[in-house]
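Model, not experiment: these values are computed from the prediction.
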Amino acid sequence: MSPNEPVPRGRGIRIAIDRGGTFTDCVGELDGREIIIKLLSEDPSNYADAPLEGIRRIMSHFTGREIPRGAPLDTSQIDSIRMGTTVATNALLERRGERIALVVTQGFRDCLAIGNQSRPKIFDLAIRKPDVLYEHVVEIDERVTLEDYAEDPERTVTKVDVLAGTEGAKTADLVQGASGEAVRILRRPQEESIRAQLQEVYNKGIRSIAVCLMHGYTFPDHEALVGKVARDVGFQHVSLSHELMPMIKLVSRATSVCADAYLTPAIKKYISGFQSGFEGGLGTRSVKEDKSSRGARCEFMQSDGGLVDVEKFTGLKAILSGPAGGVVGYAVTSYDEETKIPVIGFDMGGTSTDVSRYGQGRYEHVFETTTAGVTIQSPQLDINTVAAGGGSRLFWKNGLFVVGPESAGAHPGPACYRKGGPATVTDANLYLGRLLPDFFPKIFGKNEDEGLDVEASKAVLQELADQVNRETGKNMSVDEVAYGFLTVANETMTRPIRSITEAKGHDSSKHRLATFGGAGGQHAVAIAESLGIRQILVHRYSSVLSAYGMALADVVDERQEPDSTLWAYPGQAVEELKSKMEKLKEKSRQALRDQGFADEENEIVFEEYLNMRYRGTESALMIIKPSDEDDWDFGNAFVKQHRYEFGFTLDDRDIIVDDVRVRGIGRSFRRTEKSVDQQLKELRRKDVEQDKVYDRQQVYFEGGRLDTPVYKLADLSTGHSIKGPAMLADGTQTIVVTPTSTALILDTHVVLEHEPDSKAQKEQSGQDDREVDPIMLSIFGHRFMAIAEQMGRALQKTSVSTNVKERLDFSCAIFDATGGLVANAPHLPVHLGSMSTLVKRQAEIWKGNLRKGDVIISNHPSYGGTHLPDVTLVMPAFNEAGDEILFYAASRAHHADIGGITAGSMPPHSRELYQEGAAIKSEKLVSQGRFNEQRVVELFYDEPAQYPGCSGTRCLADNINDLRAQVSANQKGISLIEGLIEEYGEDTVQFYMVSIQKNAELCVRNLLRDVSRRFEGRDLQAVDFMDDGSPIRLKVTIDAEKGEAVFDFTGTGPEVYGNINAPEAVTFSAIIYCLRCLISEDIPLNQGCLKPVTVVIPPHSLLSPSDKAAVVGGNVLTSQRVTDVIFKAFQACAASQGDCNNLTFGFGGNVGGAEGEAVKGFGYYETIAGGSGAGPTWEGTSGVHTHMTNTRITDSEVFERRYPVLLREFSLRPGSGGRGKHRGGDGVVRDIEFRIPVQVSILSERRVYRPYGMAGGEDGEAGLNLWVRKVEKSSWETSLKRLRASNGQGGNGDATAAAAAAAAGEEKGEEEVQYEERRFNLGAKNSAPMKPGDRIIVCTPGGGGWGVPGEEREVDRRPDPRAAWRGGSFANREDLQVQV
């Protein structure tokens, strides 16, 4: 058999189907003949199931006889059916899955309700977290933990002989888990107790359960017991987390196991109905068992791009079933193994635009993604939804062209669908001649027999043009407005595409763009131009590529096991990993054999992976085995990949193996087509003949409409070259060939070749007399923000510390020449307005003394800093002559330790600034490109340790590496703006820097006018208090005519001899954050927001402290109270928890500087969620971060793996939210037990003054911090004996006293000393030396209620338009990007 022939599988028709949301695409093949069928996914008046109907039509076509609808289909004529389906995705989106219960370890009942504690959108006061999938929770009284901890300076490793899952593990206190880690069994579950709990759930009618216990990924015994009992009770579906995905992270694993229990029954129900439509069986088992050759292979596409037998298809792996086929389709048809040019997949349909990437000859998988608000931990193709597709709605808002994210959907759809829909991208394309109604199916109108309605599109676009002209005073034509929206739509899609590729170290311009889906061909050239891509590939089946991809896909069997091996090559560790890998391969091989694949014909191949990371980081990389068969040096491959993705390596750190993974591949079809590159090499080009022109159309391109030839794709032959402008079309797609592009026709593809524009500047007239072009303003708004975002990507990529790299505790921004903010990616609310203060101050200090390549470092509160851990680097960008600064790039990162009196540099008791660590007013860190590392050592390590009781930084290497990362982020920003200047000219860029600030200013002025009308011109006043009684008082006076306001904080308390003083920059941050929330629409975040606002801060107050005042709490506590006071004045909502609940613990340091002894240790810092305040149309949200912070919490299992702690409880605090018409959100309870001696500090607020209710709502509960410790139990008898013994001392009674004391001591020794557990209130701010067994319980505040309790609720439940979007690595990272 030649390698290009298909593997023989049978005798019949091969069918591939993609059941999408709107259309079901079917591809049938028999003996080299193919048929394409496209039908509606829902058409109940004609058929019950679209895939069955598609198969009926394909079989009728190939057999030559019409098979009646409803007749069972004869499987003896079918070789295989391959299918992708949206059944699971739809069930998830619409929450129509099975009723389920979640079984968790006691203390973690709310682990999914809290999740990672961050809120999805930082500016939404009405916080909407996705609903949980379960309806009941069972807490099992069991507990295990890991014996060793990763941050141990001594690197202790406990060796254990007893293995989890064996008979010995039933009685041993210490066992070796599946990951190789030592696991301590603290409490074993009681079978009868579990049975009683599960029976209670079963009696409620629930038949599907999800089980996820703490550390179940490595110690599965307790989960297995629960599973056994559940099956005995009678549950029909039981999902166990260690069987589905044995990876660390409780929340991700629990969400995944819930998704599986929720969706798998729905999948099975659908498959059962599907199978009933056939005469004969489906699946591998039916092929083996059916004696009469009536069985047919049936495989479903999984989220990882591999097929699986119908009987093994589960809900967890079905979520990306359809889109995965598209990725396989373009990967197989567009990638060439010889040239190895990577491909970006651009799938633009009617309701979504998905982006993915294929390179190095293998699929890119991610292991944690979010879809429909549910975080899934499972191998999935990295598919990211970046826009709402052709149905994206068009808006004119706040002086800007806005596209999406709202979608018109399939109903009513775009205006041209004749259902009264709104203006969309599809309407703009149709009106401009870029969509051809003649080639579109006539399925619209009352009788579903009419074509697209161009006049309806014109009408809605005319309305938008009238609105634009009315508000701007311009006279833009409908053509110009429609084209403006398309330009902005392309820019909206380009931003995330660039982020997705560049975040992993790839250069987007080095790729090809493979476009598919109905709308991709209309936008492909513009997207490619923005990305610097020269070649676009459009497959002949691009409109049904997902179905076609099913036909080309392989059957896949994934196996994975956890590990914790310290990498050492060569050595015993490698041999153990090889053994584990071989066992996984054998299991996978057997599974594929069972599906009919044979080893001897090279049908089974393996991809072998190790999931590796540096010790002390969480950025694991899945490393594929080096290509040489005998080469097992995964470590070298990891180092190379780490350098490529992140730009650095950590040579002094150990490499840890977290997981061993095998991907077994059953090769089912082999392609015979030549690759694109082979075809291009052999192609004989010829200009297309004039007689091939089907029609001519007036199509709008930049500058106006052009007479454009239209070609039918079917009329063009291989080798034809079509110069733009041109339109190529068939019944399923329209391809726009722009005037600067050429289309080439290959056997398999249309190739669009585009020459990027030369860097001729798009210069316009002088700045003084120029008018603002609203399209250009919208474009520059995106461009400036994209620069800030890409700076953030560069910083995240090249940073080292967990705080910056994983928690993304940083902000990046660009500023004009005066230090005014131009664009700040919305990473952290507390940084929004404060960086500008620092940049302005540094610009004044260094005026005339900066050179190209210089970088300034500062963190001092008096110089625009917030608190000392937030270190800011500022870099100037000069004009070409080098004599004038045009703008600045700046990055601010929270360094986890910069010295001071406590580990983590967040001391609760600091009184002076020096106690909080390194304080840097203004230093040149980099001089003309030279990084001064010696000065960093002095500033961060030596100088802080000179003060009494203080240490230098406890993680100097991380500080240095993160500072270097900040420098590279600033350089990235400067090079990107230099590129913008090269493209548009210096004057144009400067003009739109000013214009975008004016746009934000206008938005705020309009808001202030609206507020003044609502309050009938009255001043707004409010006061609230810090826990020490310090008032923060505000009066807002609005001039409605000018749209200006004075925020006057006169009456605020004096500077405090403590650390809740807040530098002035913090107040500016709070104001800009609150204004942005109140506008409640996306507007540019820049200096213009503060232009209409005058801020009066009384000197010497706690909001304007002196140079040496302690301020560490100002940034994280006082900022929250300032926010509360502003919202109270505007009567916007009830108070949220008003706190960050900053908890730190650790040991070690170099107290005393060079004279003192440096002790190796660690420091840990976290902030803890609480309740959010209710509002006029929303309930408060429980267990979430609010206002000025949004940090994620460390996952419970990772927390115990890294630190010597036992997390006893992390749950919601019932009843802590204030009652009201709309109830405030509840706080949380976090109970941590320490296993070694550590210093523990808590820095918090709202322990005295409760979060206020509003409009008659009640206050939320105050927080409470408890220290639980064992103290010696005393009685009055022992106290009396000790008193008598001590009274005997003195004078000549020394001997008697000594004897009495000795007797008391003996008596004490004879008695067994008894201890009792006592709880001590730590207050809001305290530090305590905790011993092994001591605990801290942090009970966080709830949010205030809104409205009088008992009144009828008026909750607005409009869904987030992005809720349905697929979120691969990009969405997951975006969730992280709003940290403090």
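- Here the OG1 atom belonging to Thr24 is positioned 10.5 Å from the CD atom belonging to Glu53, to the nearest 0.5 angstrom.
- Between Phe485 and Val425 there is no side-chain heavy-atom pair separated by less than 4.5 Å.
- Between Arg783 and Glu983 there is a salt bridge, since at least one side-chain N of the basic residue sits less than 4.0 Å from a carboxylate O of the acidic one.
- Ring pair Phe439/Tyr694: centre-to-centre distance below 6.0 Å.
- In this structure, CG in Leu430 is found 10.0 Å from CD in Glu455, a value given to the nearest 0.5 Å.
- The existence of a salt bridge linking Arg696 and Asp707 is confirmed by a sub-4.0 Å separation between a basic side-chain nitrogen and an acidic carboxylate oxygen.
- For the pair Ile787/Leu980, a side-chain contact is recorded, criterion being any heavy-atom separation below 4.5 Å from C-beta on.
- With hydrogens and angles ignored, the 3.5 Å screen pairs no side-chain donor or acceptor of Asn1006 with any backbone N or O of Arg1009.
- Side-chain contact of Ser741 with Thr738: a donor-acceptor pair under 3.5 Å is present, judged by distance alone.
- Looking at heavy atoms from C-beta onward, Arg57 lies out of side-chain contact with Cys26 at the 4.5 angstrom threshold.
- Judged by distance alone, with hydrogens and angles left aside, the side-chain atoms of Arg1005 form a donor-acceptor pair with the main-chain N or O of Lys1042 at under 3.5 Å.
- The aromatic rings of His539 and His749 stand perpendicular to each other, their planes meeting at an angle above 60°, with 30° marking the opposite boundary.
- Judged purely by atom type and a 3.5 angstrom limit, Lys474 has no side-chain atom pairing as donor or acceptor with the backbone of Pro774.
- Side chains of Asp427 and Thr424: a donor-acceptor N/O pair is present below 3.5 angstrom, by distance only.
- With hydrogens and angles left out, the side-chain atoms of Thr426 and Tyr417 include no donor and acceptor closer than 3.5 Å.
- The residues Arg495 and Glu491 are annotated as not salt-bridged, no charged nitrogen and carboxylate oxygen being separated by less than 4.0 angstrom.
- With values rounded to the nearest 0.5 angstrom, Phe395 atom CZ is found 4.0 Å from Glu406 atom CD.
- Checked against Phe401 for a ring-ring contact (aromatic ring centres under 6.0 Å, His included), the options Tyr483, Phe780, Trp396 give a single hit: Trp396.
- You'll find the side chain of Pro1176 reaches within 4.5 Å of the side chain of Trp1178, heavy atoms only.
- No option in Val994, Asn1086, Val772, Leu777 other than Leu777 meets the side-chain contact (heavy atoms from CB on, under 4.5 Å) test with Asn999.
- Of the possible donor and acceptor atoms, none in the side chain of Ser1012 sits under 3.5 Å from a partner among the backbone N and O of Leu1008.
- Atom NE2 of His754 and atom CD1 of Ile536 lie 7.0 Å apart (nearest 0.5 Å).
- Between Tyr984 and Tyr992, the ring centre distance reaches or exceeds 6.0 Å.
- For the pair Arg705 and Tyr431, the distance from NZ or CZ to the six-membered ring centre is under 6.0 Å and the angle to the ring normal is within 45 degrees.
- Contact of the Lys458 side chain with the Leu461 side chain is not registered, since no non-hydrogen atoms from C-beta on lie closer than 4.5 Å.
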